[in-house]
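As the structure is a prediction and not an experimental result, all values here were calculated from the model.
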Amino acid sequence: QMQLEESGGGSVQAGGSLRLSCAASGYVINSNSLAWFRRQGPGKELEGVATIYTDSGDTSYADSVKGRFTISQDNAENTVYLQMTTLKPEDTAMYYCAASASFVRAGLMPSRYLFWGRGTQVTVSS
């Protein structure tokens, strides 16, 4: 059973940067989709932010973060990162890491992900 733990959230001013980490345990990431999602408040929908297919390194991003966020992987550390730059107040959200089953190209659809972390809060002030 894969377990995911996010870290790196915090408070930052607009224009600043943060790097989120998602460490996987209990499972070696191999040919999975790993993704970051966010929820911007109670009652808000879960939004797909970025995903990476760990076999090929193929990535995909939401339009709202293209050019500002970068998802990457460190296979040796079994960890996926989300580098966030030029942060905006509208990026304020709880950020969740998620992983698919093996050999699934899950894209940014939450229903295709099996394993979820508990989230890390990002707050961007203007």
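Taking 4.5 Å as the limit, some side-chain heavy atom of Gln13 sits within range of a side-chain heavy atom of Ser125. Within the 4.5 Å cutoff, the side chain of Ser25 has no heavy atoms near those of the Met2 side chain. Thr85 places none of its side-chain heavy atoms less than 4.5 Å from the side chain of Leu87. A 4.5 Å side-chain heavy-atom check between Gln40 and Glu47 finds at least one atom pair inside the cut-off. In this structure, Phe103 and Tyr53 have side chains that are in contact, with non-hydrogen atoms separated by less than 4.5 Å. Tyr27 has its side chain out of reach of Gln3: every pair of non-hydrogen atoms, C-beta onward, lies at least 4.5 Å apart.
Shortest non-hydrogen contact noted between Tyr95 and Arg38 is OH-NH1, 2.9 Å. Here the closest heavy-atom approach between residue Gly48 and residue Ala62 is recorded as O-CB, 3.3 Å. Here the closest non-hydrogen pair linking Ala35 and Tyr113 is CB-OH, 3.3 Å.
Rounding to the nearest 0.5 Å places OG of Ser33 at 7.5 Å from CZ of Arg105. We find the CG-CZ distance between Asp91 and Phe69 to be 4.0 Å, quoted to the nearest 0.5 Å. To the nearest 0.5 Å, atom CZ of residue Arg39 and atom CG of residue Leu46 are 4.5 Å apart. Atom OG1 of Thr51 and atom CG of Asp58 lie 10.0 Å apart (nearest 0.5 Å). In this structure, the separation between CZ on Arg19 and OG1 on Thr70 is 11.5 Å, given to the nearest 0.5 Å. Separation of atoms CG (Leu82) and CG (Leu18) is listed at 9.5 Å; rounding is to 0.5 Å.
Looking only at distances, no side-chain donor or acceptor of Asn32 sits under 3.5 Å from a matching main-chain atom of Ala99. Proximity of a side-chain donor or acceptor of Ser31 to a complementary backbone N or O of Asp55 within less than 3.5 Å is not detected. A donor-acceptor pair is defined here as one N or O able to donate and one able to accept, closer than 3.5 Å; such a pair exists between the side chain of Glu6 and the backbone of Arg118. For the pair Tyr61 (side chain) and Ile71 (backbone), a donor-acceptor distance under 3.5 Å is present. When atom types are taken as modelled, the side chain of Gln73 and the backbone of Thr54 share a donor-acceptor pair closer than 3.5 angstrom. Of the possible donor and acceptor atoms, one in the side chain of Thr92 sits under 3.5 Å from a partner among the backbone N and O of Val124.
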Practice item. Dump the intermediate steps for side chain to side chain contact (heavy atoms under 4.5 Å, CB included) on Thr120 and Leu20, then the final yes or no. Key: CA-CA 8 Å; Thr120 185; Leu20 305 183; 4.0 Å; yes
Exercise for review: For Met84 and Ser17, run side chain to side chain contact (heavy atoms under 4.5 Å, CB included): C-alpha distance rounded to whole Å, both residues' side-chain angles, the deciding distance at 0.1 Å, then the answer.
Suggested key: CA-CA 5 Å; Met84 306 186 294; Ser17 300; over 6 Å; no
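Residues Gln121 and Ser11 bring no donor and acceptor atom of their side chains to less than 3.5 Å of each other.
Ile52 is not connected to Leu108 by any chain of hydrophobic side-chain contacts under 4.5 Å among Ile, Leu, Val, Met, Phe, Trp and Tyr, and they are in different clusters. Trp36 and Met94 sit in two unconnected hydrophobic clusters of ILVMFWY residues. Membership requires side-chain heavy atoms under 4.5 Å apart, directly or through other members.
Atom CD of Glu5 sits in a sparse spot, with 12 or fewer heavy atoms from other residues, nucleotides or ligands closer than 6.0 Å.
Here the options are Asp74, Val80, Asn75, the test is side-chain contact (heavy atoms from CB on, under 4.5 Å), and the partner is Glu77; only Asp74 passes.
Applying the disulfide (SG to SG under 2.5 Å) test to pairs two or more places apart or on separate chains, those with a residue in residues 40-126 are Cys22-Cys97.
Taking the six-membered ring for Trp and the full ring otherwise, Phe37 and Trp116 have centroids separated by under 6.0 Å.
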